[in-house]
Amino acid sequence: MNVFRILGDISPLLDIIILLMKIHNVKSCGGISGKSQILFALVFTTRYLDLFTTFISAYNTVMKVIFLLCAYVTVYMIYVKFRKTFDSENDSFRLEFLLVPVTGLSFLENHSFTPLEILWTFSIYLESVAILPQLFMISKTGEAETITTHYLFFLGLYRALYIANWVWRYYTENFYDQIAVVSGVVQTIFYCDFFYLYVTK
């Protein structure tokens, strides 16, 4: 049993629950980047299209559905239900700076040139940079609520656990996915400054 894989699945689930509880309890999405949440919803959508073509296990299917539902509920709460509390002025990162290169890269570097594989690769590349609008928003405002920092911590922990999962799988299964590993390392690097601030504060 790969404990790193299980913890890697649980961590982002806790992350999404923390975010949704924060928005629901305070009736506000202040401090949360709607653009990052749109990108994560796009990540899950393009990654989990295999729900319609491949059955792996009940656990796998349930987790995918939960992540998709939570991602779209979060976007709905930010842009519809609590739209008046959304800080659009500071959530100003231009998404095309991420989407254009990620789209191009997913066509150039993938495992096979098929629609589902290209979309899966796109989701991996996009996930590595999807947090940038949130980090940009924090750097712009110079502050973050405690619940937002906890949300970011669990998001970064998820990626760190998946790196441990890849190391485990390499040594126990001789499995190595260069696209996932390189993208995961890039994503973890983006969290380094945040982790330092989280620990020190």
Side-chain angles (χ1 to χ4, degrees), residues 2 4-6 8-13 15-16 19-20 33-80 91 93-136 155-156 158-163 165-170 173-191:
N2 187 345
F4 298 114
R5 174 67 183 269
I6 295 171
D9 288 341
I10 293 172
S11 180
L13 189 57
D15 169 56
I16 293 174
L19 182 63
L20 288 173
S33 168
K35 291 187 175 182
S36 270
Q37 297 310 311
I38 286 174
L39 293 181
F40 281 118
L42 187 56
V43 165
F44 294 136
T45 302
T46 53
R47 182 173 302 168
Y48 298 150
L49 286 172
D50 64 350
L51 274 170
F52 300 104
T53 61
T54 308
F55 177 80
I56 298 172
S57 69
Y59 168 81
N60 182 274
T61 299
V62 168
M63 290 296 282
K64 287 177 179 179
V65 170
I66 288 173
F67 280 119
L68 281 166
L69 287 174
C70 288
Y72 281 98
V73 167
T74 303
V75 170
Y76 166 78
M77 292 177 85
I78 292 172
Y79 286 101
V80 180
D91 192 17
F93 193 97
R94 295 181 61 179
L95 295 186
E96 61 268 27
F97 290 161
L98 301 178
L99 292 172
V100 171
V102 162
T103 301
L105 189 58
S106 65
F107 276 94
L108 293 172
E109 188 65 38
N110 52 63
H111 294 306
S112 64
F113 204 77
T114 62
L116 279 181
E117 188 63 36
I118 290 170
L119 288 168
W120 179 86
T121 305
F122 171 84
S123 78
I124 296 295
Y125 292 147
L126 184 61
E127 186 181 25
S128 69
V129 295
I131 198 62
L132 287 180
Q134 180 68 66
L135 297 177
F136 177 77
L155 203 56
Y158 146 71
R159 182 46 63 192
L161 287 167
Y162 255 80
I163 290 177
N165 167 58
W166 293 324
V167 171
W168 175 271
R169 292 191 69 185
Y170 179 76
E173 305 172 25
N174 200 28
F175 175 83
Y176 176 75
D177 186 331
Q178 184 175 347
I179 289 174
V181 171
V182 171
S183 298
V185 170
V186 168
Q187 184 178 0
T188 304
I189 289 170
F190 285 135
Y191 284 94

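When reading the values below, keep in mind they use all heavy atoms of this one structure, side chains included, and skip hydrogens, waters and symmetry mates.
We find the CZ-OG distance between F136 and S33 to be 10.0 Å, quoted to the nearest 0.5 Å. Going from atom CG of L69 over to atom CD1 of I16 covers 10.0 Å, rounded to the nearest 0.5 Å. To the nearest 0.5 Å, atom CE of residue M63 and atom CG of residue L68 are 11.5 Å apart. The line from CD of Q37 to OG1 of T74 is 5.5 Å long, rounded to the nearest 0.5 Å. Interatomic distance, NZ of K35 versus CG of L132, reported as 13.0 Å (0.5 Å rounding). With rounding to the nearest 0.5 angstrom, the CD1 atom of I118 is 6.5 Å from the OG atom of S106.
Here the side chains of L99 and L42 are in contact, with some heavy-atom distance below 4.5 Å. The shortest distance between side-chain heavy atoms of V62 and I66 falls below 4.5 Å. K64 has its side chain within reach of I56: a pair of non-hydrogen atoms, C-beta onward, lies under 4.5 Å apart. Put simply, the side chain of S57 does not reach to within 4.5 Å of the side chain of T61, judged on heavy atoms. Using a 4.5 Å cut-off on side-chain heavy atoms (C-beta onward), L105 and T121 make no contact. Side-chain contact between I131 and F40 is present, with at least one heavy-atom pair separated by less than 4.5 Å.
In plain terms, the two heavy atoms of S123 and V43 that are nearest each other are CB-O, 3.4 Å. Taking each heavy atom of F44 and F67 in turn, the nearest pair found is CD1-O, 3.8 Å. Closest non-hydrogen pair, W120 versus H111, comes out as CZ3-CD2, 3.8 Å. Here the closest heavy-atom approach between residue V102 and residue L126 is recorded as CG1-N, 3.7 Å. The shortest heavy-atom contact between A41 and Y72 is O-OH, 3.8 Å.
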